[in-house]
Amino acid sequence: MDKQKILIVDDSEMNRSILADMLGDEYEILEAENGNEGVAMLQKHSGEISLVLLDIVMPELDGFGVLDMMNKNRWIEDVPVIMISAESGSAHVERAFDRGVTDFISRPFDALIVHRRVVNTILLYAKQKKLVSLVADQIYEKEHRSSLMIDILSHIVEFRNGESGMHVRHVHTLTETMLTALIQKTDKYRLNQTDISIISTASALHDIGKIAIPEEILNKPGRFTDEEFAIMKTHSMEGAKMLEALPFYQNEPLVKAAYQICRWHHERWDGRGYPDGLKGDEIPISAQMVALADVYDALTSERVYKPAFSHEKAIEMILNGECGTFNPLVMDCLRDCADEILEELSGDNTLRQNQREMQNVARELHKYEELTASERTLELLEHERMKYSFFAAMTEEIQFEFNVQPPMATLSAWGAEKLGVPEIIMDPAQNEKVLELLGEDNWQGLADALHATNPSHPVITYDCMIRYKDGPRWARIMARATWSSDEPPRYTGAIGKAIDIHDSRMKLDSLERMATHDAMTGLLNHATAKKRVQERLRDRPDGKYALIIFDLDHFKQANDTYGHMFGDRVLIHVADKLRQSIRDGDIAARAGGDEFLIFLECKMEIEPAVQRIYSALTGKFENFPISVSMGVATIDKVGADYDVLFQAADKALYTVKRSGRGYFRFYDDSMVRTLSAISPIDGGDGTENKTQSNKGECLK
């Protein structure tokens with residue numbers, strides 16, 4: 001089992017050594033000799049450090065500065081800090097506790113006290129994290145069940161009137177989006193996030209009264225007669241009566257909101273609606289919002305009696321008063337969040353549902369001040385979900401998730417569009433469209449393959465014919481079965497993707513590029529560069545070649561001072577400069593870390609080309625000075641063997657770095673024994689040699 005990590009930040013090596021001796025048997029010790037190093041360690045080992053032992057008085061950045069950085073980055077919420085210092089005055093202690101310190105120990109150390117307080121603090125935070133996890137799991141499960149209820153209800157309510165099953169979910173999303181915009185615009189209706197959650201969930205019941213409407217009226221493709229329309233209008237009162245007849249829960253906020261929505265979502269701002277002819281703000285704001293959401297989704301959805309209008313046309317019709325009259329404030333909300341509505345309804349609905357669930361969990365946990373440390377974790381999780389959504393869309397693959405109980409398949413937005421099916425399919429084994437796409441034999445074959453897996457070997461590959469919207473083609477389904485943690489484990493579903501085998505050339509090219517190129521800079525990776533250089537040397541051995549290796553001087557300062565994301569941008573900037581400074585036939589690669597490689601062919605003198613590249617690379621990036629150290633080896637000096645060329649260039653680079661950095665140098669005979677016991681800048685006879693090579697290419 002891995003040891004928990006403790007970071008000791010103290011400028012005294014003696015103090016760090018004493019603390020490490022006290023705790024090193026039980027914990028993995030990380031050390032930093034000043035505040036800046038401590039912050040860098042916290043950033044590098046984010047999520048791994050269990051405790052910080054922090055001194056107050058240090059050079060560069062003192063202990064209070066470290067605490068300020070921990071608060072700014074919210075590390076203090078997850079990582080406890082014990083301040084250890086000889087500065088034990090009440091002002092220092094109070095200032096430390098104000099910044100989130102968990103405990104304070106005065107020097108000189110008492111080994112027993114230090115050990116006991118460290119153990120107690122780590123155990124306390126471990127218990128709190130476990131409590132946070134349990135509460136978060138419970139809240140998430142509640143949110144998930146609520147969303148699941150909406151999905152199932154969508155299927156039940158919309159099944160009878162032949163709609164897609166997405167109407168209820170769309171109304172839920174629209175209601176939530178516009179209510180959020182409303183509370184940002186005005187406090188007139190005294191709504192909070194809990195009210196929004198209740199109203200949005202209750203909106204799922206707005207058309208439940210349609211269960212009482214005869215199917216021949218509900219699905220009539222033409223215009224209603226007066227008698228038919230009168231029957232159709234009764235669905236609002238029928239729904240309200242159903243809720244009113246519940247034997248329990250009448251005082252629950254969700255039931256009250258659902259009653260208001262069912263009964264009054266067809267009332268109009270001008271009093272010309274039904275069933276009660278309410279006017280203005282006599283209509284509850286919950287019913288007003290659902291009414292507008294209902295109209296918008298009706299306009300943008302294909303129905304038996306009309307085609308679908310575009311998002312822009314629907315917004316225009318509503319704002320122009322072509323679809324009834326609405327509260328001007330509600331209309332403003334629709335106008336303000338029109339773009340957001342389009343994004344919400346056109347994106348991956350499952351992912352957005354998960355994001356909303358996570359946001360609700362974070363808001364719920366925020367009520368408990370002692371549990372706010374979990375918010376950072378939830379934000380990180382939501383960020384990971386966002387990245388997953390982006391990459392899923394970029395891959396253009398049919399990605400899916402299947403749950404056994406309740407039986408439900410969820411497809412990525414791109415996949416659903418490709419197949420011509422909804423993103424959420426209830427009971428897919430009984431769905432005619434699914435069976436038509438795969439065929440009953442393939443569906444059963446895929447199901448059998450997944451059932452035949454086990455928790456140790458859950459992955460399967462299954463090739464079959466899929467009937468896409470534009471015709472049948474062979475596809476490869478790669479899936480991972482999911483199993484419960486029970487004993488014995490239960491098969492609970494699967495996640496996977498389907499790739500069109502005939503159209504996979506682009507994907508194969510992409511995979512090949514990933515194998516040959518550095519992901520961050522887009523340059524070749526070292527292995528591919530070596531292979532191409534060897535091919536060039538084999539095919540054209542008479543060329544005049546040079547191999548260059550360079551790295552960035554003091555690059556660590558970029559990461560330590562500005563963070564690793566800034567360091568990555570520096571590397572990308574240098575790679576761009578490198579591309580601009582070489583010719584099409586030259587080879588450039590990232591050899592690893594901040595080290596780069598160039599292979600040049602020059603018909604004239606090589607030195608001017610090296611000088612030009614060197615000058616192009618130096619300069620500034622966002623006020624960060626960029627300087628490089630460069631070693632160069634030529635084929636006429638060491639021969640046409642890649643490994644020998646590389647070693648020679650590396651020795652030249654090593655000589656530059658040992659001699660002060662910030663220039664380039666060609667390999668020469670003085671470097672033959674560079675990496676042996678002799679000093680790298682020895683001339684080979686033990687005397688210092690700072691003369692330049694026979695070409696004179698040691699340039700500042």
Side-chain angles (χ1 to χ4, degrees), residues 143 146-147 150 166-206 253-254 257-258 260-261 264-270 280-301 309-349 351-364 366 379 382 386 389:
E143 291 291 331
S146 175
S147 297
I150 294 171
M166 294 303 295
H167 174 64
V168 171
R169 176 161 290 285
H170 287 172
V171 170
H172 177 279
T173 301
L174 289 161
T175 301
E176 183 178 49
T177 302
M178 291 191 293
L179 282 172
T180 301
L182 180 68
I183 65 172
Q184 294 171 352
K185 182 180 291 291
T186 179
D187 60 358
K188 176 180 178 181
Y189 296 100
R190 302 182 181 278
L191 298 173
N192 55 38
Q193 289 293 344
T194 300
D195 297 324
I196 291 176
S197 178
I198 290 171
I199 293 170
S200 302
T201 302
S203 71
L205 298 167
H206 72 283
L254 180 66
Q260 293 175 349
I261 291 168
W264 293 311
H265 73 282
H266 281 293
E267 300 288 356
R268 288 175 41 150
W269 186 252
D270 59 5
D281 275 325
E282 293 176 351
I283 310 167
I285 190 62
S286 56
Q288 293 186 45
M289 280 298 186
V290 172
L292 184 55
D294 191 28
V295 167
Y296 170 89
D297 192 62
L299 290 172
T300 55
S301 300
F309 292 107
S310 69
H311 165 78
E312 293 75 17
K313 181 63 177 177
I315 296 290
E316 178 186 341
M317 292 171 70
I318 293 171
L319 295 179
N320 288 342
E322 299 176 42
C323 306
T325 56
F326 296 94
N327 183 341
L329 265 177
V330 172
M331 299 271 274
D332 286 344
C333 292
L334 176 67
R335 186 183 293 108
D336 293 345
C337 59
D339 292 340
E340 184 181 352
I341 286 171
L342 180 61
E343 181 181 358
E344 286 282 341
L345 297 185
S346 62
D348 188 328
N349 287 314
L351 177 81
R352 295 188 183 281
Q353 170 189 337
N354 288 335
Q355 289 175 332
R356 283 190 289 271
E357 287 174 0
M358 295 309 298
Q359 290 165 354
N360 289 339
V361 173
R363 282 195 292 266
E364 189 75 16
H366 191 67
E379 288 172 1
E382 185 174 340
M386 179 184 67
S389 174

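Predicted model, so just to flag it, every value in this text is computed and none were measured.
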pair N327-L292: side-chain heavy atoms closer than 4.5 Å: no
Only counting residues at least two apart or in another chain, list the ones meeting side-chain hydrogen bond (donor to acceptor under 3.5 Å, both in side chains) with T186. none
Would you list the pairs meeting salt bridge (charged side-chain N to carboxylate O under 4.0 Å, His left out) in which at least one residue belongs to residues 322-334, sequence neighbours left out? D332-R335
Please name all residues satisfying side-chain hydrogen bond (donor to acceptor under 3.5 Å, both in side chains) with T175, sequence neighbours left out, ordered by chain then number. none
Is the shortest heavy-atom distance from the side chain of Y189 to the side chain of L329 under 4.5 Å? yes
Donor-acceptor pair, S203 side chain versus S200 backbone, under 3.5 Å? yes
For the atom pair CD (E176) and CD1 (I196), what is the distance rounded to the nearest 0.5 Å? 7.5 Å
Just checking, any donor-acceptor pair under 3.5 angstrom between side chains of Q260 and S286? yes
Shortest non-hydrogen pair, A291 vs F326, comes out as C-CE2, 4.2 Å
Sequence neighbours excluded, which residues qualify as ring pair (Phe, Tyr, Trp, His ring centres under 6.0 Å) partners of H311? Y296
D297: side chain to side chain contact (heavy atoms under 4.5 Å, CB included) partners, not counting sequence neighbours: H167, H170, L174, T300, S301, R303
Can you measure from OG (S197) to CG (N192) and round to the nearest 0.5 angstrom? 10.0 Å
Decide yes or no for L334 and V330: does some side-chain heavy atom of the first lie under 4.5 Å from some side-chain heavy atom of the second? no
Who passes salt bridge (charged side-chain N to carboxylate O under 4.0 Å, His left out) against K313, sequence neighbours left out? none
Here the gap from T177 atom OG1 to L182 atom CG, rounded to the nearest 0.5 Å, amounts to 12.5 Å
Within the structure provided, determine whether L299 and I315 are in side-chain contact (heavy-atom separation under 4.5 Å). no
Might you point out which heavy atoms bring D336 and K185 nearest each other, and give the distance in Å? OD2-NZ, 2.7 Å
Just grab all the salt bridge (charged side-chain N to carboxylate O under 4.0 Å, His left out) pairs involving residues 280-294, residues at least two apart or on different chains. K188-D281
Sequence neighbours excluded, which residues qualify as side chain to side chain contact (heavy atoms under 4.5 Å, CB included) partners of Q184? T180
Measure the spacing between OG1 of T194 and CD1 of I198 and express it to the nearest 0.5 Å. 6.5 Å
Do L205 and I261 come within less than 4.5 Å of each other through their side chains, counting heavy atoms only? no
Rounding to 0.5 Å, atoms NE2 (H265) and CE (M289) come to a distance of 16.0 Å
Atom CE in M317, atom OG in S310: separation rounded to 0.5 Å? 9.5 Å
Would you check, one step at a time, whether the test side chain to side chain contact (heavy atoms under 4.5 Å, CB included) holds for D195 with R190? CA-CA 9 Å; D195 297 324; R190 302 182 181 278; over 6 Å; no
Side chains of L342 and E312 in contact at under 4.5 Å (non-hydrogen atoms): yes
CG/N320: more than 12 non-hydrogen atoms of other groups inside 6.0 Å: yes
What heavy-atom pair brings Q288 and G280 nearest, and what distance separates the two atoms? NE2-O, 4.0 Å
